[in-house]
Amino acid sequence: MRKIIIAIDGPAGSGKSTTARLVAESLGYTYLDTGAMYRAITLAMLNLGIDPSDENGAVRAARECRLSLENANGNSRVILNEVDVTDSIRSEEVTKYVSLVSSYKGVREIMVEKQREIGAHKGCVVDGRDIGTVVFPDADLKIYMVADIMERARRRQEELSIRGEDVSTAQVVDELNERDTKDSTRVASPLKKAPDAIEIDTTNMSIEEQVAKVLSFADEIMVTNGMVN
Ligand code: DC
């Protein structure tokens, strides 16, 4: 009964993935990490030795690879051609090329179709860059997360350090700025706030606070729409 679509967009490191995953877990919803899908296509290309600047090659890789996202016990796994690539799609190499690969219109069309299929039954939290604007423009709740660049860099650095990749703060800031520029200036579905999205600045918020905030907005919408438990 209480099934809505929650779209969470924002730049890298704004806190959207962790928040989206925990909100989905709390509501018993499906969590859809669309960034992971673009990362998986990027990895597929690198594995096949296709140059990331080869747009036709990217579309071919997106069309031919077998990609699935599995949700189990609050754990989401990304499976590419029967191989679990959940960790390898977070590497520095994939991160370096993913903005380029995700800028290709043909790649986006294939991914958006998959995303709409997954969200067709509602009851999902979807995070990305174009969810509230393009993928689910009629989403019941749209959130746009932002955070200060230095805080976003700190979070990204922590994530990399857990993976055993030590990168300087200056380099992380440069990479984030470069990715922000590419993601928000591309022609196809750029990162932007939907006019009806609620902006949340997570710079000084804990994960628990972010989750509680999104859940309270979701609850408000369900009550307004007469959805009962
Ligand atoms: O959320 P992330 O950092 O894992 O996303 C990786 C890249 O994928 C991001 O730099 C831009 C792209 N992306 C996109 O173009 N559209 C989405 N809906 C999600 C991600």
Side-chain angles (χ1 to χ4, degrees), residues 5-21 24 31-46 52 55 58-59 61-62 67 69 76-78 80 85-119 124-137 139 142-147 149 152-153 155-160 163 165 167 172-194 197 202 210:
I5 290 192
I6 303 175
I8 307 186
D9 289 303
S14 56
K16 55 188 192 319
S17 303
T18 311
T19 306
R21 184 170 50 76
Y31 164 48
L32 176 55
D33 175 355
T34 62
M37 296 172 75
Y38 292 100
R39 286 176 177 273
I41 302 306
T42 306
L43 179 67
M45 289 182 77
L46 295 171
E55 183 165 356
V59 175
L67 174 63
L69 288 98
S76 52
R77 313 298 304 170
V78 183
L80 175 70
V85 295
T86 312
D87 293 325
S88 43
I89 57 168
R90 307 277 158 206
S91 71
E92 267 291 274
E93 213 198 352
V94 170
T95 303
K96 188 166 146 195
Y97 295 113
V98 67
S99 284
L100 176 63
V101 172
S102 64
S103 72
Y104 301 139
K105 190 166 168 274
V107 170
R108 303 200 71 81
E109 281 168 1
I110 297 167
M111 293 301 110
V112 169
E113 194 182 320
K114 276 184 196 286
Q115 292 156 14
R116 288 188 179 142
E117 267 169 34
I118 298 171
C124 63
V125 185
V126 191
D127 87 62
R129 304 292 189 286
D130 60 340
I131 310 308
T133 51
V134 175
V135 185
F136 294 113
K142 298 182 188 179
I143 304 287
Y144 192 79
M145 285 193 163
V146 295
I149 182 81
R152 291 165 53 209
R155 293 173 186 168
R156 174 81 185 137
Q157 218 173 3
E158 197 174 276
E159 201 181 293
L160 286 169
R163 295 175 46 84
E165 296 184 48
V167 185
V172 176
V173 168
D174 281 352
E175 281 173 6
L176 283 174
N177 278 329
E178 197 183 321
R179 209 138 63 90
D180 283 356
T181 306
K182 281 193 184 138
D183 295 344
S184 51
T185 57
R186 69 179 177 223
V187 178
S189 314
L191 164 68
K192 73 170 181 242
K193 179 176 177 260
T202 68
Q210 296 166 35

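We count ligands from 1, going down the list as the structure has it; atoms in each ligand are counted the same way. If you're wondering where the values come from, they're calculated on a predicted model, not measured in any experiment.
Atom NZ of Lys96 has 12 or fewer neighbouring heavy atoms from other residues, nucleotides or ligands inside a 6.0 Å radius.
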Just list the side-chain donor-acceptor pairs under 3.5 Å for residues 129-136, sequence neighbours left out, or say none.
{"from": "Asp130", "atom 1": "OD1", "to": "Arg108", "atom 2": "NH2", "distance (Å)": "3.4"}
{"from": "Asp130", "atom 1": "OD2", "to": "Arg108", "atom 2": "NH2", "distance (Å)": "2.9"}
{"from": "Thr133", "atom 1": "OG1", "to": "Asp130", "atom 2": "O", "distance (Å)": "3.4"}

Could you go through ligand 1 and note, for every N or O atom, any protein N or O atom closer than 3.5 angstrom, writing the atom names and distance to 0.1 Å, or 'none'?
{"from": "ligand 1", "atom 1": "1 (O)", "to": "Arg129", "atom 2": "NH1", "distance (Å)": "3.0"}
{"from": "ligand 1", "atom 1": "3 (O)", "to": "Arg39", "atom 2": "NH2", "distance (Å)": "3.3"}
{"from": "ligand 1", "atom 1": "3 (O)", "to": "Arg129", "atom 2": "NH2", "distance (Å)": "3.3"}
{"from": "ligand 1", "atom 1": "3 (O)", "to": "Arg179", "atom 2": "NH1", "distance (Å)": "3.0"}
{"from": "ligand 1", "atom 1": "4 (O)", "to": "Arg39", "atom 2": "NE", "distance (Å)": "2.7"}
{"from": "ligand 1", "atom 1": "10 (O)", "to": "Ser99", "atom 2": "OG", "distance (Å)": "3.3"}
{"from": "ligand 1", "atom 1": "10 (O)", "to": "Arg179", "atom 2": "NH1", "distance (Å)": "2.8"}
{"from": "ligand 1", "atom 1": "10 (O)", "to": "Asp183", "atom 2": "OD2", "distance (Å)": "2.8"}
{"from": "ligand 1", "atom 1": "15 (O)", "to": "Ser102", "atom 2": "OG", "distance (Å)": "3.4"}
{"from": "ligand 1", "atom 1": "15 (O)", "to": "Arg108", "atom 2": "NH1", "distance (Å)": "2.8"}
{"from": "ligand 1", "atom 1": "15 (O)", "to": "Arg108", "atom 2": "NH2", "distance (Å)": "3.4"}
{"from": "ligand 1", "atom 1": "15 (O)", "to": "Arg186", "atom 2": "NH1", "distance (Å)": "2.8"}
{"from": "ligand 1", "atom 1": "15 (O)", "to": "Arg186", "atom 2": "NH2", "distance (Å)": "3.0"}
{"from": "ligand 1", "atom 1": "16 (N)", "to": "Arg108", "atom 2": "NH2", "distance (Å)": "2.9"}
{"from": "ligand 1", "atom 1": "18 (N)", "to": "Thr34", "atom 2": "OG1", "distance (Å)": "3.0"}
{"from": "ligand 1", "atom 1": "18 (N)", "to": "Arg129", "atom 2": "N", "distance (Å)": "3.1"}
{"from": "ligand 1", "atom 1": "18 (N)", "to": "Asp130", "atom 2": "OD1", "distance (Å)": "2.8"}

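Under the 3.5 Å distance criterion, with hydrogens and angles disregarded, no donor-acceptor pair is assigned to the side chains of Asp33 and Ser17. A side-chain donor-acceptor contact under 3.5 Å links Arg155 and Thr202.
Remark: Val85 engages Leu43, Val78, Leu80, Val83, Ser88, Ile89 in a side-chain contact (heavy atoms from CB on, under 4.5 Å) (not counting sequence neighbours). Taking Glu117 as the reference, nothing meets the side chain to side chain donor-acceptor pair (under 3.5 Å) condition, with sequence neighbours excluded.
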